[in-house]
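For reference, the structure is listed below as structure tokens.
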Number of protein chains: 2
Amino acid sequence: MGTSLHDHIKRYVKLTTDEQEILTAHLSEQSIKKKTHLLKEGEICRANYFVVKGCLRAYFINEKGGEQTCQFAIENWWITDYMSFDTQTPSHFFIQAVENTEIVILTKKMQDDLLKKIPALERYFRLLIQRTYAASQLRIKYLFSQSGEERYHHFNESFPEFVQRVPQYMLASYLGFSPEFLSKIRAGKT
Amino acid sequence: MGTSLHDHIKRYVKLTTDEQEILTAHLSEQSIKKKTHLLKEGEICRANYFVVKGCLRAYFINEKGGEQTCQFAIENWWITDYMSFDTQTPSHFFIQAVENTEIVILTKKMQDDLLKKIPALERYFRLLIQRTYAASQLRIKYLFSQSGEERYHHFNESFPEFVQRVPQYMLASYLGFSPEFLSKIRAGKT
DNA sequence: CGCGACGTTGATTTGCCTCAACGATTGTGG
DNA sequence: CCACAATCGTTGAGGCAAATCAACGTCGCG
């Protein structure tokens, strides 16, 4: 159970066998059907989700009623609304399965408990979020410095396999433009 | 020395007197003149900076040669390029003093050492970055959902005192538009 | 098989940028 | 302490990247 998560943790910190057992006892696994919501706007985010297989996304609804995707999580990524998770206040976001997805669930309560028992995991999560935040800093740089078309090509070169996996309208909003515009970029060249 | 940092840490974790001394021994303080650079593009980011008094910013130069401000740090905020700091690779960013600024410096080496000696600080930095990343998630939401004018008004309401503190051209680029446009927004109403 | 979700294409509109010229303010050296 | 330059902010004209709107093609699924 949860072996892919155990492998992931091993890349950052070493756990004793005891600790691994404690860890496992704090986790639960679940299979989620495509389009299922793990979190909805206004709800309090109760867990951090690790993707074993499949794909999740975070999005919100803008004033015109359109979905704006903010973040994707594929295999070996965690996803949550940290603001809501941390402060246990209502979320601004939806979290939804893009595909049928297998996840590991770490609830707030379990995480708090786990981090008290296994200090090494403080380090794991620190390194993890630091890496995630670094990626976010770079993403903001690209949002500010590249045109829509440049962002698409850049993303396409960086994650060619991933572009195939998600509907174009999700990708378009993630990259910060309309689905029609993405369609026109792709018509320009393959 | 570094008392404002000690106070800040106290809000998140408790340290013993011994630990506080170890901490102090790993830090250095410095006064930085306005416009001084702590990091330049292409350099490896060697430290994490805590602002005691004053203001720092991170920016990069876009293809047209203009400065694009990505982040500000005022009193009680840390700032660094986590990507470069973490992996010790060349940075994409500049870090510069907006005002004359007093900082506490925690070098990469000192941080590594410190976190080995004081596990509680792993927790401090985890909570800190988690909070920072949460703010970044929200910022991306606003970048995607609000017009330039809306972002300005929203920012102005959220941080009225701060808007007075930085040149408009820095604020404009932070909010994602040109200084001329900001000028026109302000002409619309006070 | 029919319906709804997704993608395409073209016409039109718009938010914001670019460029340029001109005030205001700051700070620095003579 | 003043003069002058550099920096910063303002204003207006014109332009462009991308949004919006609308209509139509297509595919997958119940």
Side-chain angles (χ1 to χ4, degrees), chain A residues 33-37 55 57 59-69 72 94 96-100 140 142-156 162-190, chain B residues 33-37 55 57 59-69 72 94 96-100 140 142-156 162-190:
Chain A
K33 280 223 177 108
K34 188 172 170 170
K35 304 211 174 175
T36 305
H37 282 96
C55 180
R57 65 163 178 151
Y59 70 96
F60 66 92
I61 305 288
N62 62 32
E63 55 282 0
K64 283 155 211 147
E67 295 177 2
Q68 174 65 55
T69 300
F72 291 106
F94 297 80
Q96 186 195 42
V98 177
E99 311 167 349
N100 293 337
I140 288 177
Y142 290 130
L143 281 174
F144 277 145
S145 62
Q146 300 185 321
S147 69
E149 181 158 3
E150 285 169 337
R151 287 198 299 281
Y152 171 73
H153 290 311
H154 183 254
F155 190 84
N156 215 3
F162 180 71
V163 172
Q164 307 303 105
R165 240 170 115 167
V166 298
Q168 290 195 16
Y169 74 94
M170 288 187 197
L171 183 59
S173 77
Y174 177 78
L175 292 174
F177 46 72
S178 69
E180 293 94 332
F181 183 63
L182 177 49
S183 194
K184 281 161 194 174
I185 293 171
R186 299 195 64 229
K189 49 171 157 177
T190 315
Chain B
K33 280 223 177 108
K34 189 172 171 172
K35 305 211 173 176
T36 305
H37 282 97
C55 181
R57 65 162 178 154
Y59 69 94
F60 66 91
I61 304 289
N62 62 32
E63 53 284 357
K64 283 155 210 149
E67 294 178 3
Q68 174 65 56
T69 300
F72 290 106
F94 297 79
Q96 187 196 40
V98 176
E99 311 167 349
N100 294 336
I140 287 177
Y142 291 130
L143 280 174
F144 277 145
S145 63
Q146 300 185 321
S147 69
E149 182 159 5
E150 285 168 338
R151 286 199 298 280
Y152 172 72
H153 290 312
H154 183 256
F155 191 84
N156 216 3
F162 180 72
V163 172
Q164 307 303 106
R165 237 171 120 169
V166 299
Q168 289 195 16
Y169 74 93
M170 286 187 198
L171 183 59
S173 78
Y174 177 78
L175 292 173
F177 46 71
S178 67
E180 292 93 333
F181 184 63
L182 178 48
S183 192
K184 281 160 195 174
I185 293 170
R186 299 194 66 228
K189 50 170 156 179
T190 313

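Computed from a prediction, not measured in an experiment: that's the story for all the values here. Worth knowing before you read on, the calculation uses all heavy atoms, side chains too, and leaves out hydrogens, waters and symmetry mates. Per chain, numbering begins at 1; letters A, B, ... match sequence-line order.
Look at CD on A:Q168: it is 18 Å from P on C:dA5, rounded to the nearest Å. In this structure, the CG atom of B:L143 is 16 Å from the P atom of D:dA18, given to the nearest Å. Atom pair B:M170:CE and D:dT7:C1' shows a separation of 11 Å (rounding to whole Å applied). In this structure, the OH atom of B:Y169 is 16 Å from the P atom of D:dA6, given to the nearest Å.
When distances run from any side-chain atom of A:R186 to the nucleotides D:dT11, C:dC6, C:dT8, the shortest one goes to C:dT8.
The side-chain heavy atoms of B:F94 and B:E67, taken from C-beta on, include no pair separated by under 4.5 Å. No side-chain heavy atom of A:F144 sits under 4.5 Å from any side-chain heavy atom of B:N62.
Close placement of the B:F155 and B:Y174 rings is indicated, their centers lying within 6.0 Å of each other. For B:F162 and B:F72, the ring centers sit closer than 6.0 Å to each other.
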Exercise for review: Spell out protein contact along nucleotides 11-29 of chain C as letters: B when the base is contacted, S when just the sugar-phosphate is, - when no protein heavy atom is under 4.0 Å; keep the 5' to 3' order.
Suggested key: B----SSBB----------

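Counting only distance, with no hydrogens or angles, the side chain of A:N100 and the backbone of A:K34 share a donor-acceptor pair below 3.5 Å. Side chain of B:Q68 to main chain of B:S173: a donor-acceptor pair is present (N/O by atom type, distance under 3.5 Å, no hydrogens or angles).
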